[in-house]
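Since the model is a prediction, treat every value here as computed from it, not as a measurement.
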Amino acid sequence: DSGCVKAIQTLSQYDDYWRRKQKGERPDPFACTAIWDYCGTTSRMWPHLNLVGDIAYQTALQLQQAGHDIDPELAQAGALLHGIAKGMPNAEWLGAQWLSGLGYPAVAKIVASSRDLPEDAIDALDERAVVYWADKLVRHNRSCTVDERYMYELELNADNPDRVLLILQRRNTARSVQKRIFERLGQVESYAAQDVPYHSSTEENEYEGFTGPYAVDMVMEDTPVEF
């Protein structure tokens with residue numbers, strides 16, 4: 001972990017250390033990939049985690065630049081690690097336990113909320129809310145809108161009324177977070193439905209670049225996996 005040893009020689013370095021101390025330590029992207037290996041996270045998840053991580057970081061950064069109290073690096077770490085226990089029973093709880101054991105309680109808190117977001121996270125529009133929303137903008141390893149993500153799940157579970165109700169509740173939560181984000185950034189929310197960068201059908205599968213809260217610049221493998 002690159003954060004094991006820190007040299008504090010300037011006031012800005014001290015401020016950064018104190019901010020991290022209050023927020024909680026978080027692994028950098030390189031350390032996150034090491035945690036994937038350590039926890040046995042399937043490589044089929046990596047493109048999804050990378051894209052969610054990029055969206056969460058870019059969104060948190062724009063919120064921070066708008067004066068909102070949020071840590072883009074913490075949001076990125078939570079997003080990169082939100083699915084480390086995917087495929088196991090109680091995956092969010094288990095992933096959070098693993099991360100707590102590794103010394104990352106702040107990241108664990110994000111992972112624990114990545115499926116069902118508490119109301120206080122929406123009110124605070126904190127790292128938990130941003131990661132929750134970013135995850136809902138990615139289906140498999142492709143970018144989508146919140147409504148498109150949940151439309152797929154609703155169609156998949158159309159014969160299960162209880163499951164449909166739960167999906168609708170989660171969609172409403174994601175919509176609430178989205179509304180708060182766009183309000184905080186002073187943007188028109190309808191922008192989301194029109195300008196989310198879609199995964200192309202070309203062989204390289206590159207995202208088109210643009211400057212919205214979803215901005216990404218990466219190439220993803222076309223390896224579908226259920227999320």
Quiz prompt | Side chains of W93 and R115 in contact at under 4.5 Å (non-hydrogen atoms) | solution = no
Self-check item: Pairwise distance CG(L81) to CD1(I110) - rounded to 0.5 angstrom
Solution: 9.0 Å
Exercise. Determine whether L166 and D162 make a side-chain contact, defined as any pair of heavy atoms from C-beta on separated by less than 4.5 Å.
Key: no
Quiz item: Taking side chain as C-beta onward, heavy atoms only, is I181 less than 4.5 Å from V177?
Solution: yes
Quiz item: Between CG of D116 and OH of Y132, what distance do you get to the nearest 0.5 Å?
Solution: 6.5 Å
Quiz item: How many angstroms lie between atom CG of D54 and atom CG of L49, to the nearest 0.5 angstrom?
Solution: 12.5 Å
Quiz prompt | side-chain contact (heavy atoms from CB on, under 4.5 Å) involving A77 - partner list, sequence neighbours excluded | solution = R26, P27, C32, V107
Practice problem: Please check if the side chain of D126 supplies one atom and the backbone of A129 the other of a donor-acceptor pair under 3.5 Å. | Solution: yes
Practice problem: Look up atom CG in D28 and atom CD in E73, then write down how far apart they are to the nearest 0.5 Å. | Solution: 8.5 Å
Quiz item: Between the main-chain N or O of F30 and the side-chain N or O of T33, is there a donor-acceptor pair closer than 3.5 Å?
Solution: yes
Quiz item: Would you find a donor on one side and an acceptor on the other, under 3.5 Å apart, between the side chain of S100 and the backbone of Q97?
Solution: no
Exercise. Please check if the side chain of H82 supplies one atom and the backbone of V52 the other of a donor-acceptor pair under 3.5 Å.
Key: no
Practice problem: Spell out, as yes or no, whether a donor-acceptor pair under 3.5 Å connects the side chain of R180 to the backbone of D123. | Solution: yes
Quiz item: Parallel under 30°, tilted from 30 to 60°, perpendicular over 60°: which one fits the rings of Y152 and H140?
Solution: perpendicular
Exercise. Measure the CD-CD1 distance between E92 and I84 for me, rounded to the nearest 0.5 Å.
Key: 10.5 Å
Quiz item: Residues in side-chain contact (heavy atoms from CB on, under 4.5 Å) with P29, at least two apart?
Solution: Q76, L80
Quiz item: Do T145 side-chain atoms and E148 backbone N/O form a donor-acceptor pair below 3.5 Å?
Solution: yes
Self-check item: From CZ (R163) to CD (E153), nearest 0.5 Å
Solution: 6.5 Å
Quiz item: Just wondering, do L125 and I70 contact through their side chains at under 4.5 Å, heavy atoms?
Solution: no
Exercise. Could you check if a side-chain atom of L61 sits within less than 4.5 angstrom of a side-chain atom of Q64, using non-hydrogen atoms only?
Key: yes
Exercise. May I ask you to decide whether R175 forms a salt bridge with D147, counting only side-chain N to carboxylate O separations under 4.0 Å?
Key: yes
